[in-house]
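A quick write-up on the structure given underneath.
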Amino acid sequence: MAKSGEAGWAGRHSGKDALRQEIWSALASNGIGIGDPYNSIPNFVGADIAADRLAALPLWQAAKVVKCNPDAPQTYVRLHALREGKTLYMAYPRLAVEKCFLELKASDLLARGVALEDAAVWQNAINVGKPVAFEEMQPVDIAVTGCVAVTRAGGRTGKGAGFADIEFGLLRQTGLLGPNVPIVTTIHSTMVVPDERLPLQPHDTFLTLIVTEKEVIETHVAGQQPTGIDWDQIQPDQFDTIPVLRRLYAERGR
C-alpha cells in the first residue's frame, strides 16, 4: 500500500523524492515526528526549542519584519515574532489566493481580542491575518522557511511542491527580499543530511542559517541567491493553482 507521501508532488526530482521519503519514514518510526509527517513540512519534538534558539540570536533580535512559512513546526517562530512586536508576514498556504501573504501584528490582533498564541497557528492566521498586496508590504529583514531535509552547505528541500522557491521569487521580484537577507530554517537535528545527498541547483534558494534543537549552523555558502522568479522552472500545475503567478507572467514586458 502506498505511503501518503508517495502522492502529491513526487516526480520533480528523483533524488529529493527518495530523501524526503527516507526522512518522513524515520520521523514516523523514531518518535521524533508529531502527527503524520508524510507529504508535509513535518512537525517535530523540539520545534519550540529550535525556535527559542533562533529568537536568542542577534540577527533575529535586530529584525523588525519577519517572513515565515505557514507550517506547524514554525508555529513557535511565528509566536516569537508576534510576542516581540515584529511585523509578521505569513505566506497563505499553497499561495492559493491573489494576495498571497498575510500580515499579522500583535497590536492589531490584541486590539481585536485575538490571543497571540492562537494567531500563531496557521489555521487561525488565515482568518485573523490581513491579506496584503506586495505594494502594502515592508521589506523583509529575515525570512524563515520550512524544510524536510537540509545540509550544512545550505541545501534544502521542502515537500516537493516548490512553494518556498516561489515565495522567495515573488518577494525578490517585488523588491521585498534583498540579496543579503538571512534565509533561515528551524529543523530537527536528524533532518540534517550529508552535503552530497542534497546538491544545490541553480534555481535553489540556499539557507544561510539552520537552527536545530541542538545547535546553530552557519552555512557560509559562496555565491548569489536567485534574483527573482525563474519562469523556466515554473510548472503547469503551479500556474494553474497560484493566481499571482499568472498575473505577474501576463504583466511581463508591459
Side-chain angles (χ1 to χ4, degrees), residues 34-35 40-147 158 163-164 166-168 170-172 174-178 181-188 209 211-213 216 242-244:
I34 298 174
S40 71
I41 301 297
N43 204 357
F44 59 90
V45 174
D48 55 339
I49 298 172
D52 291 346
R53 193 179 293 277
L54 171 60
L57 297 176
L59 62 81
W60 170 271
Q61 294 171 358
K64 298 184 182 302
V65 181
V66 176
K67 173 267 173 194
C68 190
N69 56 300
D71 301 284
Q74 281 71 46
T75 300
Y76 308 99
V77 175
R78 297 190 293 273
L79 183 55
H80 268 289
L82 293 174
R83 284 177 170 170
E84 295 164 27
K86 303 179 190 299
T87 296
L88 173 63
Y89 294 123
M90 187 190 85
Y92 193 95
R94 303 190 180 190
L95 305 172
V97 296
E98 172 70 29
K99 290 186 177 182
C100 56
F101 285 90
L102 298 164
E103 181 184 83
L104 297 113
K105 293 184 176 181
S107 57
D108 170 66
L109 295 165
L110 293 174
R112 290 188 282 141
V114 179
L116 301 185
E117 292 82 1
D118 292 336
V121 177
W122 74 263
Q123 293 93 332
N124 299 324
I126 61 175
N127 294 318
V128 301
K130 175 187 175 184
V132 287
F134 296 120
E135 297 78 12
E136 302 173 274
M137 296 172 66
Q138 302 174 57
V140 172
D141 296 321
I142 188 170
V144 183
T145 186
C147 300
F163 293 124
I166 293 173
E167 288 173 27
F168 289 131
L170 290 169
L171 293 173
R172 289 178 174 126
T174 53
L176 295 168
L177 183 66
V181 171
I183 309 296
V184 181
T185 195
T186 55
I187 198 166
H188 196 271
L209 200 69
V211 185
T212 79
E213 82 290 359
V216 175
I242 302 176
V244 70

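Summarising the geometry, atom OH belonging to Y92 is positioned 13.5 Å from atom CD belonging to E98; distances are rounded to the nearest 0.5 Å. The structure places SG of C68 at 12.0 Å from CG of L102, a figure rounded to the nearest 0.5 Å. In this structure, the separation between CG on L57 and CG on L59 is 5.5 Å, given to the nearest 0.5 Å. To the nearest 0.5 Å, the span separating CE on M137 from CG on L171 amounts to 5.5 Å. Interatomic distance, OG1 of T145 versus CD1 of I41, reported as 6.5 Å (0.5 Å rounding). F134 CZ to L170 CG: the interatomic distance, rounded to the nearest 0.5 Å, is 4.5 Å.
The side-chain hydrogen bond (donor to acceptor under 3.5 Å, both in side chains) contacts involving residues 45-56 comprise D52-H80, where partners must be two or more places apart or lie in separate chains.
Nearest heavy atoms, Y76 versus A51: CB-CB, 3.4 Å. The two residues P42 and C147 make their nearest non-hydrogen contact at CD-O, 4.1 Å. Closest approach of I142 and V140 over heavy atoms only: O-CG1, 3.1 Å. Minimum interatomic distance between R78 and A120 (heavy atoms only, all atoms of both residues): NE-O, 2.8 Å. In this structure, N43 and P73 approach most closely via the heavy-atom pair OD1-CA, 3.4 Å.
Residues V45 and I34 meet the side-chain proximity criterion, which asks for heavy atoms closer than 4.5 Å. Here the side chains of P243 and V97 are not in contact, with every heavy-atom distance at 4.5 Å or above. You'll find the side chain of E103 reaches within 4.5 Å of the side chain of K130, heavy atoms only. With contacts defined as side-chain heavy-atom distances shorter than 4.5 Å, the pair L104/Y89 does not qualify. Looking only at side-chain heavy atoms (C-beta outward), K67 and L177 stay at 4.5 Å or farther from each other. Within the 4.5 Å cutoff, side-chain heavy atoms of I183 are placed close to those of F168. V128 is listed as a side-chain neighbour of L109, based on a closest heavy-atom distance under 4.5 Å. The side-chain heavy atoms of I166 and I242, taken from C-beta on, include a pair separated by under 4.5 Å.
Judged purely by atom type and a 3.5 angstrom limit, Q138 has no side-chain atom pairing as donor or acceptor with the backbone of V65.
Qualifying salt bridge (Lys or Arg N to Asp or Glu O under 4.0 Å) partners for K105, counting only residues two or more places apart in sequence or in other chains: none. Remark: E213 pairs with I49, H188, S189 by the side chain to side chain contact (heavy atoms under 4.5 Å, CB included) rule, at least two apart or across chains. Scanning for side chain to side chain contact (heavy atoms under 4.5 Å, CB included) contacts around A91 gives P70, L95, F101, E167, with sequence neighbours left out. Partners of K99 under the salt bridge (Lys or Arg N to Asp or Glu O under 4.0 Å) rule, at least two apart in sequence or in another chain, are E136. Residues passing the salt bridge (Lys or Arg N to Asp or Glu O under 4.0 Å) test with D118, sequence neighbours excluded: none.
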- Query: For L116 and L79, what are the C-alpha separation, side-chain angles and deciding distance, and is it a side-chain contact (heavy atoms from CB on, under 4.5 Å)?
  - Reply: CA-CA 7 Å; L116 301 185; L79 183 55; 4.1 Å; yes
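The pair R83-E117 meets the salt-bridge criterion, with a side-chain N (NZ, NE, NH1 or NH2) lying under 4.0 Å from an Asp/Glu carboxylate O.
Judged by distance alone, the side chains of T186 and Q74 do bring a donor and an acceptor atom under 3.5 Å apart.
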